Amino acid sequence: MNPSASIPPDDRELALMGLALDEARLAAAEGEIPVGAVIVGPDGRVIASGRNARESSHDPTGHAEVAAIRRAAEALGDRVLDGCAIVVTLEPCVMCAGAILAARLPRVVFGAWDEKAGAAGSVYDLLRDGRLPHPVPEVVGGVRAAECAGLLETFFKARR
C-alpha cells in the first residue's frame with residue numbers, strides 16, 4: 001500500500017463507491033470475483049458501470065474497469081474519456097491500468113488495495129509512471145477500503 005501517493009476522496013466519490021460496491025455484489029451473485037466500477041462524466045453524472053464477468057463471458061479481459069470503459073466510450077461516442085473519473089472497488093491491475101491510461105481518464109478512485117497485482121501504488125504504480133506517453137491521472141486509493149476488501153474476503157472464504 002502506498003497511501004502517501006493518494007489524495008483524499010470527496011463526498012461524491014464516497015457515494016459513488018457505494019454504486020461500485022453494488023456492481024461488485026452483483027458480480028459475486030453471478031459467481032464472479034466481486035469487483036465493480038462506475039464512470040462519471042465531467043458533470044458528475046454516472047455514464048457507465050461494469051462488473052467482473054470473466055467466467056460468464058469466457059473473456060480474460062472481462063474486468064469491471066474494462067467493461068465500464070467500453071460502455072462509457074460507447075455512451076460518449078469517443079475513445080477518450082476526458083473529464084471523466086472511474087471509481088472501482090479494487091486497485092486496478094496492470095491490464096486495467098493500461099486501459100485507464102489509454103482512455104485518458106484523469107481521475108481514478110479505488111477501494112481495496114491489491115497487494116498481489118495492484119498497479120496503482122501497491123505492487124506497481126503504472127498509473128503514475130511519468131515515462132509513459134499518457135497524461136498522469138490523479139489517484140485516490142483506499143476509499144471505503146474495509147467494505148471493498150470485506151466483500152472480496154467473504155467471496156474467497158466461501159470458495160475455499
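In this text the structure is predicted, and so the values were computed from the model without any measurement.
The pair Asp10-Arg12 does not count as a salt bridge, with every side-chain nitrogen at least 4.0 angstrom from each carboxylate oxygen. Between Arg45 and Asp43, at least one side-chain nitrogen of the basic residue sits less than 4.0 Å from a carboxylate oxygen of the acidic one, meeting the salt-bridge criterion. Under 4.0 Å is where a charged nitrogen must lie from a carboxylate oxygen, and between Arg71 and Glu74 no such pair does.
For the 3.5 Å distance criterion, the side chains of Ser49 and Glu23 qualify, holding a donor opposite an acceptor.
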#### Entry: side-chain contact (heavy atoms from CB on, under 4.5 Å) evaluation trace for Val94 with Leu126
CA-CA 7 Å; Val94 170; Leu126 188 62; 4.1 Å; yes
### Message
Show, in sequence, the C-alpha distance, side-chain angles and deciding distance for Ile100 and Leu127, and conclude whether the side-chain contact (heavy atoms from CB on, under 4.5 Å) test is met.
### Response
CA-CA 8 Å; Ile100 288 165; Leu127 290 177; 3.8 Å; yes
#### Entry: Derivation of the side-chain contact (heavy atoms from CB on, under 4.5 Å) call for Asp59 and Arg54
CA-CA 5 Å; Asp59 179 359; Arg54 290 186 321 163; over 6 Å; no
### Message
One pair to check against side-chain contact (heavy atoms from CB on, under 4.5 Å): Leu151 and Arg25. What are the steps and the verdict?
### Response
CA-CA 8 Å; Leu151 190 57; Arg25 288 183 193 98; 4.0 Å; yes
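Contact annotation: the side chain of Val139 approaches that of Phe110 to within less than 4.5 Å [non-hydrogen atoms, C-beta and beyond]. Ile69 is not listed as a side-chain neighbour of Val66, based on a closest heavy-atom distance of 4.5 Å or more. The side-chain heavy atoms of Val88 and Val35, taken from C-beta on, include a pair separated by under 4.5 Å. The side-chain heavy atoms of Thr61 and Arg70, taken from C-beta on, include a pair separated by under 4.5 Å. A heavy-atom distance below 4.5 Å is found between the side chains of Arg51 and Glu30. Using a 4.5 Å heavy-atom cutoff, the side chains of Ile33 and Leu152 are in contact. By the 4.5 Å heavy-atom criterion applied to side chains, Val40 and Cys84 are not counted as neighbours. Met17 is listed as a side-chain neighbour of Cys148, based on a closest heavy-atom distance under 4.5 Å.
Here the side chain of Glu65 pairs no donor or acceptor atom with the backbone of Ala99 at under 3.5 angstrom. Remark: side-chain polar atoms of Ser122 are paired, donor with acceptor, to backbone N or O of Asp114 under 3.5 angstrom. With hydrogens and angles disregarded, a donor-acceptor distance shorter than 3.5 Å links the side chain of Asn52 to the backbone of Ala64. Side chain of Arg128 to backbone of Ala120: a donor-acceptor contact under 3.5 angstrom is found. In this structure a side-chain-to-backbone donor-acceptor pair under 3.5 Å is missing from Glu55 to Gly31.
Cluster membership for Ile39 and Leu76, using ILVMFWY side-chain heavy atoms within less than 4.5 angstrom, is shared. Following chains of ILVMFWY side-chain contacts shorter than 4.5 Å, one can reach Val87 starting from Val46, so the two form part of one hydrophobic cluster. Cluster membership for Val80 and Leu105, using ILVMFWY side-chain heavy atoms within less than 4.5 angstrom, is not shared. The cluster map of Ile, Leu, Val, Met, Phe, Trp and Tyr, joined by side-chain heavy atoms under 4.5 Å apart, puts Leu132 and Leu81 in the same cluster.
The two atoms that bring Ala28 and Phe155 nearest to each other are CB-CD1, 4.2 Å, heavy atoms only. A pairwise comparison of heavy atoms in Arg104 and Pro135 identifies CD-CD, 3.4 Å as the closest pair. Ala27 and Pro34 make their closest contact through CB-CA, 4.1 Å (heavy atoms, listed as atom of the first residue, atom of the second, distance). In this structure, Ala68 and Gly50 approach most closely via the heavy-atom pair CB-N, 3.9 Å. Taking both residues in full, the closest heavy atoms of Pro92 and Ala97 are given as CB-N, 4.1 Å, listed atom of the first, atom of the second, then distance.
Distance check, rounded to the nearest 0.5 Å: CD of Glu13 to CZ of Arg144 gives 12.5 Å. Taking CG of Asp11 as the start and CG of Leu16 as the end, the distance is 11.0 Å to the nearest 0.5 Å.
Other residues, nucleotides and ligands contribute at most 12 non-hydrogen atoms within 6.0 Å of the OH atom of Tyr124.
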